[in-house]
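Keep in mind the model is a prediction, meaning the values are calculated, not measured. Chain letters run A, B, ... following the sequence lines, proteins first, then strands; residues in each count from 1.
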2 protein chains.
Amino acid sequence: MANIQEVAKEAGVSVATVSRVMNGGAVTPKTKGKVEEVIRRLKYEPSMLGRNLRNSESRLLLVLIPTISNPYYSDIINGIENAVIPQGYNILLCETDSNPERENIYFDMVRKKMADGIISMDPTVNMEELKILAEDHPIIQCSEYSVESGIPFVTIDNEEAAYRAVSHLVNIGSTDIAMINSDVTFLYARQRQLGYQRALEENGIPFDEEDVYYTNGPSFEHGQQAMRKMLTGHKEYSAVFAVSDLLAIGALKEAHQLGLRVPEDIAIAGFDKIAFSNMTNPALTTIAQPMYDMGTTSAQMLIDKINGRPVESTMMSHELIIRESTIG
Amino acid sequence: MANIQEVAKEAGVSVATVSRVMNGGAVTPKTKGKVEEVIRRLKYEPSMLGRNLRNSESRLLLVLIPTISNPYYSDIINGIENAVIPQGYNILLCETDSNPERENIYFDMVRKKMADGIISMDPTVNMEELKILAEDHPIIQCSEYSVESGIPFVTIDNEEAAYRAVSHLVNIGSTDIAMINSDVTFLYARQRQLGYQRALEENGIPFDEEDVYYTNGPSFEHGQQAMRKMLTGHKEYSAVFAVSDLLAIGALKEAHQLGLRVPEDIAIAGFDKIAFSNMTNPALTTIAQPMYDMGTTSAQMLIDKINGRPVESTMMSHELIIRESTIG
DNA sequence: TCCTGTTTTGTAATCGATTACATTTCCAAT
DNA sequence: ATTGGAAATGTAATCGATTACAAAACAGGA
């Protein structure tokens, strides 16, 4: 409740001395002791608002995600938090709901100095706006990105990862492999589809656009819908590659509902290795992204950028996790 | 980049007039137009830091959760966000990891005026500290709470909800009903156990402490462990009531793994109605808490408290959701 | 004792806004 | 033209810290 003035007066010193005691400036042990006693007695806590105004920084970083309920983000966020907190920063988790208005609120926070920078993980972000904002403010893209924006990013090789997943499906004997893809306006969706296509063609399986089932969104229900469409269609498949675990889990549920056994009747592979991919029955084969590391890396890049240090985009490694949904 | 001084000078008016244009004070249309032109031209954005220092508020609210990866919290957080944003507040999602050090960082933010108040949903929170903090700062407890703390809370009737869930298990013909409970240091765990006990006793089934399987944590894996212990024990059960969906999903997976069919061999009921409870096979019977409403309610209570308005603790309604895991 | 150089402490400007109060401007009524 | 009162505008204090610079205190050497 007390402020620095009251502490100074009570201790019989100047505010500068109190500030020095707080921040480790040169002070006589005697004065230091006296001031510290008063600080304790008055329960003085320096206001961040004053300090931040003076230093014109907020030590707050924004993390943009479309929705908090997609577990894809949780490990990345964990990584970010553990990287920034020791450096005296905090993160503000910003759910945009893919709503430009929401997005603008958060962009405004940066413009108005309430936040020092942004890590964007939102594939639906308004790239035009983001690019403009990046001219004056530190911004990093994590996971979903645009190269042309010129904004540094952290990602994995989506094309190669999808290639490996689909190659694995071929290796277990599947030849009729469908794909469940989300909206190809997203870069990751295009890249993963390229990997799917390359894996088929390299194995002598012709790629057919008809085998790609597009969804209207990234959620469980969309996966169910896609699977229903696929299984009630005229073509039979022995394996499905879904572009995300959430879609794959939806597909899995729908396959069960329609009386199919996984992997015996149809194998299913996902992407992301979210926590729940291990909880389904059968457990899901998937691609592990180094979520936590992607978080810490992008966080460090952002802090570097804030402090004017040079920053390079990073491509991180991935791993194919083979589990029950693709082996008997 | 520009500040209010530069705008004032460029427009040939005083800073007060610029401030009035920004905040809707009395200004001549002519001056207003002139100032607005300069604001646009210089791309002036008022700094929140200056404003907040002057008003000694940050318009930031802290939401304390143990971990972001527990989907239990997502809808509540959604509710909070949608309630606070229209009122000009933002939330800082604070993952404590049940780590007192982390917790203290966030408590400090409130003490140091970087945040205006706290909604605590962390069952592992240090109640002593929270109570002390609540003497000087606005705090609301959501979902998990302590009555003695005197801090206002939002909750459901856990005892009654558990009673209904277990009664349902009795109604479908189960007599040997186990419980998977987390740590009884948590109030909700004690309350739900009381409901379980009452449901048994009212139906003439003796309560046996042996039938309660305690876990060391709230996650999927803990549910698996508990189920394994239960199914490899000497007693046979026809139904299980788990104190949370995450534990129930773990139990479900383990039951499958050990070759049991759900619900034919053993019925399983959860608690919370997290999004994933619908994605499992079979879908999980569970208790729906009005998550979203709990979020908006606690948010409004916190804002009321911040503004010095009186605040009352609230008990919200719940609903039993019967799904595949308890009916054939 | 006096001087010099170092260390400690204090004074006051600064960050960027808001706002109470003072002053000026404007217009209508006399 | 003068005056009064309302409306517009300006001046300067304020919020709570940090910090450059000035001033004072102190210690050691001549």
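- Distance Lys113(B) NZ to dG16(D) P: 7 Å, rounded to the nearest Å.
- Side chain of Ser14(A), nearest nucleotide from dA8(D), dT11(C), dA17(C): dT11(C).
- Checking dC21(D), dA12(C), dA17(D) against the side-chain heavy atoms of Arg20(A) singles out dC21(D) as nearest.
- In this structure, Thr28(A) reaches the dT9(C) phosphate: one of its side-chain N or O atoms is under 4.0 Å from OP1 or OP2.
- Within 4.0 Å of Val13(B), counting heavy atoms only, lie sugar-phosphate atoms of the nucleic acid but no base atom.
- If you check every strand for non-hydrogen atoms under 4.0 Å, Asn23(B) touches sugar and phosphate atoms only.
- From Asn82(A), atom CG reaches atom OH of Tyr292(A) across 3.5 Å, with rounding to the nearest 0.5 Å.
- Heavy-atom neighbours of Lys112(A) NZ from other residues, nucleotides or ligands within 6.0 Å: above the threshold of 12.
- Note: NZ (Lys30(B)) to P (dA7(D)) measures 18 Å, nearest angstrom.
- A salt bridge between Glu148(A) and Lys131(A) is absent, with no side-chain N of the basic residue lying under 4.0 Å from a carboxylate O of the acidic one.
- Toward the 5′ end of DNA chain C lies the nearest nucleotide of Ala16(A), the other residue of the pair Ala16(B) and Ala16(A) mapping further downstream.
- In this structure, the CZ atom of Arg51(B) is 18 Å from the P atom of dG16(D), given to the nearest Å.
- Where Val27(B) and Leu49(A) each meet DNA chain D at their nearest nucleotide, the meeting point lying more 5' is that of Val27(B).
- Looking at heavy-atom distances under 4.0 Å, Leu53(A) makes contact with a base.
- With rounding to whole Å, Asn55(B) atom CG is found 11 Å from dT14(D) atom C1'.
- Atom CD in Gln5(A) sits about 8 Å away from atom C1' in dA17(D), given to the nearest Å.
- Distance NZ (Lys112(A)) to C1' (dA17(C)): 12 Å, rounded to an integer number of Å.
- A salt bridge between Glu45(B) and Lys113(A) is absent, with no side-chain N of the basic residue lying under 4.0 Å from a carboxylate O of the acidic one.
- Annotation: side chain of Thr31(A) is in contact with side chain of Val13(A) (closest heavy-atom distance under 4.5 Å).
- Put simply, Thr17(B) has a side-chain N or O that comes within less than 4.0 Å of OP1 or OP2 on dG10(D).
- Of the listed nucleotides (dT18(D), dG16(D), dA8(D)), dT18(D) has the atom at the smallest distance from the side chain of Arg54(A).
- Comparing atom distances between the Ile4(A) side chain and each of dT9(D), dG16(D), dC21(D) picks out dG16(D) as nearest.
- Of the two residues near DNA chain C, Ser47(B) and Pro29(A), the one whose nearest nucleotide lies more 5' is Pro29(A).
- The distance from atom NZ of Lys32(B) to atom C1' of dA7(D) is 15 Å, rounded to the nearest whole Å.
- Base engagement by Ser19(B) is indicated by at least one non-hydrogen atom pair under 4.0 Å involving a base atom.
- Between the Ser56(A) side chain and the Leu53(A) main chain, no donor and acceptor come within less than 3.5 Å of each other.
- A straight line from NZ of Lys9(B) to P of dT11(D) spans 14 Å, rounded to a whole angstrom.
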